[in-house]
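The structure appears below as structure tokens.
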Protein chains: 2
Amino acid sequence: MTVAELSHDFRLANGRLARRLRQEKADNELSGSQFSALGTLFFYGPFTLRELSEHEKVTPPSMNRTVNALVQAGLVNRTASADDGRKVVLTVTEIGRTMMRDTRKRRDAWLAQRIVKFTPEQRRVLAEAIEIMKELTDS
Amino acid sequence: MTVAELSHDFRLANGRLARRLRQEKADNELSGSQFSALGTLFFYGPFTLRELSEHEKVTPPSMNRTVNALVQAGLVNRTASADDGRKVVLTVTEIGRTMMRDTRKRRDAWLAQRIVKFTPEQRRVLAEAIEIMKELTDS
DNA sequence: CATAACCACTTAGCAACGCTAAGTATTCCC
DNA sequence: GGGAATACTTAGCGTTGCTAAGTGGTTATG
């Protein structure tokens, strides 16, 4: 398989999988972007808006809108930065933490159900692929 | 790494990579969905609307709108099925074929530039990951 | 220290794309 | 022939990308 074919197939496979995963979202659940942002803040936060937008690979205005939804839902706090009045610091609220913990299992269940049936070798491949994907994302 | 962590990380990596790839799209190029649909028809077509929508993991109305854009751009032909008047058959036009061939290299260039620098082992992982992703997508 | 340049966030408005619900045309089946 | 099922289309909504432009805080400079 050539690099060109690999690139092409990988890009399309990634896109289709994203659409497939979207199909599994329950109606009352957070959207993919919202859940991703909340997860980033939960595991690696707190962040300023710009920092979060760079993590999530969207522009600050796009990030701002997603954050607005999370703040309105009471899952995230937006507080002014102490040392720089221009910045805002985003932290996950207690409700947000609870929501994150409760939702994760259910939310990842569709994938987990399938991954648990994989061979150890397949799981190893997947784990390494995640690292490659992160590397690509941050390059 | 547990299955739960693997699932979670993989889902988020998939979403973020999709956003990262979107950032690389040039203004005059086909969108990700359009390019994916055109590619499916090019390599595996012709298909009816429903068949294509199942391939692309979207609903028929969503697919229809994307196909409309491709038809309007002259890249795809929508013709009535001979054996069943309800169905339409979607085929790639000659312009569409040329466009596909010309665009592919440029479009996949961003990924290919990076993949070409990978070790053979990393490329092997990627190729296997693609198979796993397809399996997940179709399950 | 006044002012310009810069930076961070926000607001406003556009386009792409998912979806569901409902409409039309065709085919299938009794 | 007539009702149910199927395939596509239309209409309309919500989310999520984007760019351009506005607001206010900080930094650098004469």
Side-chain angles (χ1 to χ4, degrees), chain A residues 15-38 40 46-73 76-90 137, chain B residues 12 14-38 40 46-73 76-90 137:
Chain A
R16 273 195 275 267
L17 180 57
R19 290 193 289 270
R20 182 69 184 84
L21 288 171
R22 182 180 347 223
Q23 290 180 337
E24 294 303 318
K25 187 185 91 64
D27 278 358
N28 54 346
E29 276 177 350
L30 294 181
S31 74
S33 306
Q34 289 171 9
F35 196 68
S36 181
L38 185 62
T40 296
F47 282 130
T48 66
L49 184 74
R50 170 161 292 273
E51 286 166 348
L52 183 59
S53 78
E54 281 166 4
H55 248 271
E56 295 298 309
K57 303 297 164 194
V58 296
T59 58
S62 297
M63 195 74 261
N64 191 50
R65 189 185 341 184
T66 301
V67 167
N68 280 343
L70 294 173
V71 169
Q72 280 213 314
V76 164
N77 261 328
R78 188 196 257 122
T79 54
S81 169
D83 57 309
D84 187 336
R86 296 169 300 181
K87 296 184 181 175
V88 295
V89 179
L90 304 169
T137 298
Chain B
L12 265 51
N14 173 248
R16 273 195 275 266
L17 180 57
R19 289 193 289 270
R20 183 68 184 84
L21 288 170
R22 181 178 347 221
Q23 290 181 336
E24 293 303 317
K25 187 184 91 65
D27 279 357
N28 53 348
E29 275 177 350
L30 294 180
S31 73
S33 306
Q34 289 172 9
F35 196 68
S36 181
L38 185 62
T40 297
F47 282 131
T48 67
L49 184 74
R50 171 161 292 274
E51 287 166 347
L52 183 58
S53 78
E54 282 166 3
H55 249 272
E56 294 298 310
K57 304 297 165 193
V58 296
T59 58
S62 297
M63 195 74 260
N64 192 50
R65 187 196 300 160
T66 301
V67 167
N68 281 343
L70 294 174
V71 170
Q72 280 214 314
V76 165
N77 260 328
R78 185 194 259 124
T79 55
S81 170
D83 58 306
D84 186 337
R86 296 169 300 181
K87 296 183 180 174
V88 296
V89 179
L90 303 169
T137 299

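Residue numbers begin at 1 in each chain, while the letters A, B, ... track the order of the sequences.
- A 6.0 Å sphere centred on NZ of B:K57 holds more than 12 heavy atoms belonging to other residues, nucleotides or ligands.
- B:S33 comes within 4.0 angstrom of sugar-phosphate atoms only, judged by non-hydrogen atoms across all strands, and of no base.
- Side chain of B:P61, nearest nucleotide from D:dC8, C:dG18, D:dT9: D:dT9.
- Of the candidate nucleotides C:dC9, D:dT19, D:dG17, D:dT19 has the atom lying nearest to any side-chain atom of A:T59.
- Summarising the geometry, the separation between CE on A:M63 and C1' on D:dT15 is reported as 13 Å, rounded to the nearest angstrom.
- Using a 4.0 Å heavy-atom cutoff across all strands shown, A:S81 reaches no nucleic acid atom at all.
- Judged by closest nucleotide on DNA chain C, A:P60 is the one of A:R22 and A:P60 placed further toward the 5' end.
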Can you give me the N/O atom pairs linking the protein to nucleotides 26-30 of chain C at distances under 3.5 Å, or say none if there are none?
unit_1	atom_1	unit_2	atom_2	d
C:dT26	O3'	B:G85	N	3.3
C:dT27	OP1	B:G85	N	2.7
C:dT27	O4'	B:R86	NE	3.4

Determine, stepwise, if the pair B:N64 / B:R78 fulfils side-chain contact (heavy atoms from CB on, under 4.5 Å).
-> CA-CA 11 Å; B:N64 192 50; B:R78 185 194 259 124; 3.0 Å; yes
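- The two residues A:L52 and A:A37 come nearest to each other via the heavy atoms CD1-O, 4.2 Å.
- Map B:K87 and A:A69 each onto its nearest nucleotide of DNA chain D; the residue landing nearer the 5' end is B:K87.
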Criterion side-chain contact (heavy atoms from CB on, under 4.5 Å) on B:V76 and B:Q34, from CA distance to verdict = CA-CA 11 Å; B:V76 165; B:Q34 289 172 9; over 6 Å; no
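- Rounded to whole Å, the distance from CG on B:L49 to C1' on C:dT24 is 15 Å.
- Within 4.0 Å of B:R19, counting heavy atoms only, lie sugar-phosphate atoms of the nucleic acid but no base atom.
- Under 4.0 angstrom from either OP1 or OP2 of D:dC8 there lies no side-chain N or O belonging to B:N64.
- Atom CD in A:E54 sits about 13 Å away from atom P in C:dC7, given to the nearest Å.
- A donor-acceptor pair shorter than 3.5 Å cannot be found between the side chains of B:E56 and B:S33.
- Checking D:dT9, D:dG17, D:dC8 against the side-chain heavy atoms of B:T48 singles out D:dC8 as nearest.
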Test side-chain contact (heavy atoms from CB on, under 4.5 Å) on A:L21 and A:E24 and set out the steps.
-> CA-CA 5 Å; A:L21 288 171; A:E24 294 303 318; 5.7 Å; no
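- Nucleic acid contact class of A:S62 (heavy atoms, under 4.0 Å, all strands): base.
- Side chains of B:R19 and A:S62: a donor-acceptor N/O pair is absent below 3.5 angstrom, by distance only.
- Distance, B:N68 CG to C:dA15 P: 17 Å, rounded to whole Å.
- For A:Q23 and C:dC19, the CD to P distance is 6 Å, given to the nearest whole Å.
- Of the listed nucleotides (C:dA8, D:dC18, D:dT9), D:dC18 has the atom at the smallest distance from the side chain of A:R65.
- Atom CZ in A:R50 sits roughly 12 Å away from atom C1' in C:dC6 (whole-Å rounding).
- More than 12 heavy-atom neighbours from other residues, nucleotides or ligands sit within 6.0 angstrom of CD on B:Q23.
- Rounding to whole angstrom units, CD of residue B:Q72 and C1' of C:dA16 are separated by 14 Å.
- In this structure, A:L90 atom CG and C:dT10 atom C1' are separated by 13 Å, rounded to whole Å.
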